[in-house]
Amino acid sequence: ELSRWRPELTSYVITGTKPVDRLLLIQFDAIIVNYDVLSAHLESLTSIPVSTLIVDEAHSVKTLKAFGKSAKLSGSKRSVAVAQLASHASPKRFFLTGTPLENRPIELWPILYMIEPARFWNYQLYGTYFCDGKLKMVGPRERRVKTWDFSGVSNAPKLHRLLSQYMLRREKAILSLPEKRRQTIHVPLDA
């Protein structure tokens, strides 16, 4: 896609987990890296200027959470790696996904945090305000602990207005997608 739409840009694809020299990376206009190897290359990537960050299939990094005054990040390895790279990148951060959330508004927080951490720095505050957050007791009786439940929805109109500042939605009519086609294929199995 890069060569199709911006053929004047040079690009480099990072493969494997062997560290890539930053002197090699700075020679290219665009660097492409897969989620699965990103954490192995964070040191190199954060040692160079990143003027624009584009994260495709951004729903793959929605396990991120941040707690405490230091906003200590937790979540999947890929989510934490993308968040660290996003914090290094300039304010030009684009997260592309067809499914920004599947079930609950709390699933939007990681993407919003990575786009604008200064505004969405507090996971708990977001969850309390937009996800009807409540403290509840969980675990066996002798070891019950308090934890936050962010499985609800609250202040939905405000959340919708807020999201309109960050999201661009493309309708199927705009995309000119063909109708779904369903087909049954019988596959013979041997012993």
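Here the structure is a predicted model, which is why all the values come from computation and not from measurement.
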Asker: Taking the six-membered ring for Trp, are Tyr166 and Phe120 closer than 6.0 Å centroid to centroid?
Answerer: yes

Asker: Tell me whether Glu8 is salt-bridged to Arg6, with the criterion being a basic N under 4.0 Å from an acidic carboxylate O.
Answerer: yes

Asker: Return yes if some donor-acceptor pair links the side-chain N/O of Thr10 with the main-chain N/O of Asp29 below 3.5 Å, else return no.
Answerer: yes

Asker: At what distance, to the nearest 0.5 angstrom, does CD of Glu57 lie from OG1 of Thr97?
Answerer: 6.0 Å

Asker: Using 30° and 60° as the class boundaries, would you call the ring planes of Trp109 and Tyr113 parallel, tilted or perpendicular?
Answerer: parallel

Asker: Ignoring hydrogens and geometry, is there a side-chain-to-backbone donor-acceptor pair from His88 to Ile48 under 3.5 Å?
Answerer: yes

Asker: Can you confirm whether more than 12 heavy atoms, excluding those of Glu142, are under 6.0 Å from its CD atom?
Answerer: yes

Asker: Are Phe150 and Tyr126 near enough that their ring centres are under 6.0 Å apart?
Answerer: no

Asker: Kindly give the heavy-atom pair with the smallest separation between Asp56 and Tyr35, and that separation in Å.
Answerer: O-OH, 2.5 Å

Asker: Got a second to check how far Leu42's CG is from Leu38's CG, nearest 0.5 Å?
Answerer: 5.0 Å

Asker: Is a donor on one side and an acceptor on the other found under 3.5 Å between the side chain of Arg78 and the backbone of Val61?
Answerer: no

Asker: Between the main-chain N or O of Gln27 and the side-chain N or O of Tyr12, is there a donor-acceptor pair closer than 3.5 Å?
Answerer: no

Asker: Which of these, Val50, Leu25, Leu53, sits in a side-chain contact (heavy atoms from CB on, under 4.5 Å) with Leu45?
Answerer: Leu25

Asker: So how far is it from Phe28 CZ to Ile14 CD1, rounded to the nearest 0.5 Å?
Answerer: 10.0 Å

Asker: Spell out, as yes or no, whether a donor-acceptor pair under 3.5 Å connects the side chain of Asp149 to the backbone of Lys134.
Answerer: no

Asker: Looking only at heavy atoms, which two atoms of Pro110 and Leu64 are closest? And how far apart?
Answerer: CG-O, 3.5 Å

Asker: Mind checking the CD-CD spacing from Gln165 to Glu116? Nearest 0.5 Å is all I need.
Answerer: 8.5 Å

Asker: Could you tell me the separation between the CG atom of Asp132 and the OG atom of Ser154, rounded to the nearest 0.5 Å?
Answerer: 5.0 Å

Asker: Nearest 0.5 Å, what's the NZ-OG1 distance between Lys92 and Thr52?
Answerer: 4.5 Å

Asker: Is a side-chain N or O of Arg143 found less than 3.5 angstrom from the main chain of Gly139, in a donor-acceptor match?
Answerer: no

Asker: If we ignore hydrogens and angles and just use 3.5 Å, is the side chain of His41 paired with the main-chain N or O of Gly16 as donor and acceptor?
Answerer: yes

Asker: So, the side chain of Arg22 versus the backbone of Ser44: is there a donor-acceptor pair under 3.5 Å, distance only?
Answerer: no

Asker: Using atom types as modelled and distance alone, determine if a side-chain donor or acceptor of Asn122 lies under 3.5 Å from a backbone N or O of Leu125.
Answerer: yes

Asker: Taking all non-hydrogen atoms of both residues, which atom of Ile106 and which atom of Gly127 are closest, and how far apart?
Answerer: CD1-CA, 3.9 Å

